[in-house]
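Taking it in order: structure first as structure tokens, then the write-up.
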Amino acid sequence: MSEVTVSRPPVRGGVGESVQRPDGIPKVTGRFEFLGDMHAEGMLWGATRRAWVPHARIERIDTTPALALPGVHAVLTQDDVPGHRYQGQALTDQPVLAEERVRYWGEAVAVVAADDPETARRAAEAVVVELEELEPLTDLELARDRGEVFRHIPVRRGDPDAHGEVVVEGTYVTATQDPAALGTEAGLAIPDGQGGVDLWGPTQWTHVDLTQLAACLALDPGQVRVQPCRIGGAFGSREDLSLQTHIAMLALRLDRPVKMVYDRTESFVGHVKRHAGLMHYRHEADRDGHLVRVDAQILLDGGPYQLTSQAVIANSTFFAVGPYRCDNVFVDGYALRTNNPPSGAMRGFGANQPCFAAEAQMDRLADELGLDPIELRLRNAITQGDRLATTGQLIEHPLPTDEVIRSVTAIPLPEPEDDDEPLHLPGGTGLTTPRDRVVRGIGYAVGLKNLEFSEGFDDFAEARVELTADGAVVHTAAIEVGQGMVTVIAQVVRSVLGMSRVEVAFDHTGQIGSAGSTSASRQTQMAGNAALEAATVVRDKALEAGGGDHLDDAGVWRGDTLVTSLAALTADGPIDHHVRYRHRPTDEPDADGQGELHVDFCVAAHRAVVDVDPDLGLVRVVEIAIGQDVGRAINPQQVHGQIEGGIAQGMGHAVMEEVVLDHGVIRNASFTDYLLPTTLDAPTVEAALVEQPSPWGPFGAKGMAELPTMSATPAVVAAIRAATSLPLTRAPVHPEDIVTGPHDAPE
Amino acid sequence: MQIERPRDLDELLAGLDSHPEATLLAGGTDLMVDVNLSHHRPETVVALRRVDDLATWDDGFIGAGVTYARMEAGPHPALAQLARTVGSPQIRATGTIGGNLGTASPAGDTLPFLAAVDAEVVVASRGDRRRLRWEDFLLGPKHTALRPGEVIVGVQLPERLPQRQAFAKIGVRQAMVIATVNCCVVRDEDGKTRIALGAVGPTVVRTPAAEELVSSQQQVSATMLDEFQRLVSDDVTPITDHRATERYRRHAAGVLARRTLERCLPR
Ligand SMILES: Cc1cc2nc3c(=O)[nH]c(=O)nc-3n(C[C@H](O)[C@H](O)[C@H](O)COP(=O)(O)OP(=O)(O)OC[C@H]3O[C@@H](n4cnc5c(N)ncnc54)[C@H](O)[C@@H]3O)c2cc1C
């Protein structure tokens, strides 16, 4: 770094400021153009014919009645896929459109393009699909026994004969959670007239879409431009393709732009969900509460296609113990193939399910030992210098497990309420519950998760910073899904350059290389570091060219003299620099699941306070407090935004959010019945940020946005257990579970 | 699709006479959901909002076009309470009592009130007007006694309504949720009690044995409340669906009825 000779005020809009997002006001005032609002001259409308059975053999597809309708331009099936017939990141098993068999309820069988949405919908209905229904496989243990395994990961660490004096065992279930992004899947494909196509679709990673699209469309990757787009939420569900290949096929076939928008029911079958989990756990500890041994078997429901299940089960397996030390760990993680809806990435990416089970186990253990659950967790809390319980990896960087627990317990508890305001009582406006029937419960949970991609993946992000007379522009293909990366990257670059005139330009796949996925809590560190390195080189070039010691919006300064204006500095063209940033390499696991598999980790601790009406099983989540590891908050307001949203999603999964499956059929594929917490259900959130700078994140920042969701679910359920003294081993907890026994309980 | 927009009741009834199969549109909060889900493709739609006669509220007569927003601010405590639980502010601003009757969902939130007060549903067609007791109007899930060419004009409440009345509704959200059980209790000064419950049978139901038990009593003891709760649980005929189990609904109906009754007893 150059010597700083004059003390200057920090740059406006730099690191540490709660910079307002550029898309904030347009979004709340309805002026923001989301994907579904896009329009192209002369465009046709696409629609999808789906098969509403969980498993069937396709006997016959007849598209002629659909093609015969006036205004219908094309009807395509799997036979019309121009190139590779399978998509999904592994390109192995998910047909672009159903092939020979229907493997889940609502699978796409044919797509049509027509003059208007209504004609397209009627045409889709007119496609004749004759099916012979088959028995769906929907039971996880059966799938495991039949060998329907996408991936099995064994972890064998330590002494198989080691045992602890105190043993607790349990079986836990987490139901399928839907990401339920408010924007449904929508997309627009515009042929370029030269055999190629420009494509806007719901994405978190344009370059991985590109690989699949080019293969399936039989095009050169240069002929497909996957465009950054304006997404109405993601939470992981846009890591896999939905309608992109379909609209691109139609557009290329017809040489006309094609737009498609899913309705809410279609959206429920058109994107991946959080895997349901079935987990058996056995924890053994000594009398002082130190973990001696953990055995676990984790079954995840992947649905019919592999998608990202191989990586999701890795997280479940390697974070099976949570943020605790333990030297003897034996885990078997299985991602299984079923005829339930396809599962994939969702906020927490496989670390949530075992967190629910393992945290319940920690409470049982505390109970068994007669120890305070906080004290038990502190005694086992993992930190820098320890080894990860499952893989044996040395924790090289700060990991403030102890601190997040202590900071959450230091937040004062909410006052007990004594008023009769309906919204302060379980049941709310329904006026179900008198104050004297309310029981309060408090529960804790701690979550641990990896940051970035693991297991030897070549994980990189590109960015290019360009300095002109108007200021600096950061180019990246990283996708803004609403999480606020657009402000974070600009803030990082402002602080590096010392300039406030910095903007972010989102490039398409033809303009810049991959930034990797907006997932795994990675873009603040990955795209952030790429931008930081590029900006550092641009600054140094500028200082050298301009002959000064610092830069601002006016130009290059030496001391307090402006020596070269920006215009003069860039008279011969912009100063720019392009970076491909990689984090340090990681290992693939060995046969025992051991190795340096992860680049870094993040922790958070939640405390939930709930009020329960035990007679009706109604729960009001009063408050959730969190101690959150952030490294450094680049934009504190956005960190709090992620915490509040993440907590709402985690508590939603604790008390209401469940995709109700009945032999593979979704019984609640609408917002009438898939209940999300509204603002009246969302608890008060109290957050304590723990800032121990990451040695490698930009300005010490860590990715953090998955953790608020993860341990919120087990904390809320722990609080309900505390209020009811019931075991409650399944998430979400329904009123039945508290009052009369679960749905499948014998009468 | 053809859309008619009559401006008064005569024009409406004349229109219905020539299009008896027409679909009536009030607030659209049920109808449009059906249309969007492609369950329903109406050929002719008659929009009711301009018909002022339907929006009147005269003491005991509530016009079919009265919205939840108005019920919330109205004089009947239980009606105001139930209106507050319906949907979101947007739904309450446009959804109507006539639409709730027209849909006749077993979980419709106005229905326990109408059943508990023994309301009559006033329907009209060209040259004819009928008053049907609520149980003669609500025939089954999404099934009413409305004939082609008829419109619901409103509901007629009995002349004197007890001020002791209360509504309660179970759902897993604090607001904006379909009832897994809802309940309305009204109690006269002399103790006569009527109770109606929704989402625990094919239509809203009354539980006569439970009513009788507490109607004869000025003072209701704790033992009697236990018995009341049990009678309600025994009398309802709920089903298991994706929202709740039969067992839970049966149990919850008893608890909810008891608590709602307790709100109508002198403290
Ligand atoms: C988000 C949301 C939340 C909701 N929450 C609730 C809730 O909490 N509780 C609840 O009970 N309902 C709820 N509903 C359902 C709906 O709002 C109510 O049933 C409402 O009362 C319907 O009234 P409407 O005026 O919108 O009826 P419309 O949708 O216009 O009509 C409904 C039906 O009644 C018929 N109809 C309407 N008016 C007449 C008339 N005058 N004569 C004859 N037939 C007529 C129509 O033809 C149609 O079949 C909700 C709906 C939504 C979309």
Would you compute the distance between atom [atom1] of [X] and atom [atom2] of [Y] and round it to the nearest 0.5 angstrom?
X         : Y         : atom1 : atom2 : value
Thr260(B) : Leu431(A) : OG1   : CG    : 9.0 Å
Glu736(A) : Glu246(B) : CD    : CD    : 11.0 Å
Asp241(B) : Asp662(A) : CG    : CG    : 11.5 Å
Thr265(A) : Leu37(B)  : OG1   : CG    : 5.0 Å

Donor-acceptor contact below 3.5 Å, side chain [X] vs main chain [Y]:
X         : Y         : value
His251(B) : Asp615(A) : yes
Gln174(B) : Gly427(A) : yes
Arg667(A) : His242(B) : no

Give, as side chain, backbone, both or neither, the part of [X] having an atom under 4.5 angstrom from any heavy atom of chain A.
X         : value
Val177(B) : side chain
Arg258(B) : neither
Leu82(B)  : neither

At a heavy-atom distance under 4.5 Å, which candidate from [options] has the highest pair count against chain B?
options                                    : result
Glu658(A), Arg437(A), Glu125(A), Arg264(A) : Arg437(A)
Leu618(A), Leu675(A), Thr678(A)            : Leu675(A)
Val619(A), Leu423(A), Asn668(A)            : Leu423(A)
Thr429(A), Val739(A), Leu425(A)            : Thr429(A)
Leu680(A), Leu616(A), Val660(A)            : Leu616(A)

Q: Could you tell me which portion of Glu118(A) (side chain, backbone, both or neither) has an atom closer than 4.5 angstrom to a non-hydrogen atom of chain B?
A: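 For Glu118(A), the side chain is the part near chain B, not the backbone.
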Q.
Less than 4.5 Å to any heavy atom of chain B: does that hold for the side chain of Thr433(A), its backbone, both, or neither?
A. both
Would you say [X] has more than 12 foreign heavy atoms packed within less than 6.0 Å of its [atom1]?
X         : atom1 : value
Gln2(B)   : CD    : yes
Glu421(A) : CD    : yes
Arg206(B) : CZ    : yes

Q) Hey, which of Lys169(B), Arg263(B), Arg259(B) has the most heavy atom pairs under 4.5 Å with chain A? A)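 Maximum pair count with chain A is reached by Arg259(B).
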Q | Partner of Pro735(A) by side-chain contact (heavy atoms from CB on, under 4.5 Å), out of Thr180(B), Ile170(B), Val172(B) | A | Val172(B)
(Q) Give me the atom names and distance for the closest heavy-atom approach of Arg243(B) to Asp673(A). (A)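 Residues Arg243(B) and Asp673(A), closest heavy atoms: NE-OD1, 2.6 Å.
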Q. Between Leu676(A) and Arg173(B), which heavy-atom pair has the shortest distance, and what is it?
A. O-NH1, 2.7 Å
